[in-house]
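Report on the structure given below.
All values below come from the heavy atoms of this structure, side chains included, with hydrogens, waters and symmetry mates left out. For the single chain, residues carry numbers from 1 onward in sequence order.
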Amino acid sequence: MFRLSALSTRQAVQRLAVQARHQSTSSAAAVSSMNAKNMSIAAAGVATVSALAYMSMETVDANMAADGLHAPVYPWDHKKNLATFDHAAIRRGYQVYKEVCAACHSLDRIAWRNLIGVSHTEAEVKTMAEEFEYTDGPND
């Protein structure tokens, strides 16, 4: 609908421009060119109004389920009732972080207690924590 109205508006404006060029030799050329300008402005207004009407009729639905799209379902092992994380893989991931990523990225916001029982034992975490220096509050 919008394409048709824009096409017909464009054609009407081109016809008016051609008529204005052909009538430029007559004495009423000034009046004719003003009428052509007024008609082109009116045609542009009609095109704008029709475009706004078309856009107001379109509904945008952001609900993917309404379009039949659903989120993919993956068989994650950690979502099962009796399953758990792969502790060896988590330990290797921490080792890679420590050797590679720690040069630029810190784990300042991760507490050492979060590693106990997941990737390291309590004794190992205490040994790792002893390698760092910590400032203790504002008091001396």
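- Between E99 and Y94 there is no side-chain heavy-atom pair separated by less than 4.5 Å.
- Note that CD of Q95 is 9.5 Å distant from CZ of R92, once rounded to the nearest 0.5 Å.
- Residues passing the side chain to side chain contact (heavy atoms under 4.5 Å, CB included) test with I116 are E122, V125, sequence neighbours excluded.
- With sequence neighbours left out, E124 forms a side chain to side chain contact (heavy atoms under 4.5 Å, CB included) with R91, H120, T121.
- The 12-atom threshold is not exceeded at CD of E133, counting heavy atoms of other residues, nucleotides or ligands nearer than 6.0 Å.
- In terms of modelled atom types and a separation under 3.5 Å, the side chain of H87 and the main chain of S119 share no donor-acceptor contact.
- Criterion: ILVMFWY side-chain heavy atoms under 4.5 Å apart, direct or through other members. Under it, L107 and L115 are part of a common hydrophobic cluster.
- Between H105 and Y97, the shortest heavy-atom contact is O-OH, 2.9 Å.
- Scanning for side chain to side chain contact (heavy atoms under 4.5 Å, CB included) contacts around A103 gives an empty result, with sequence neighbours left out.
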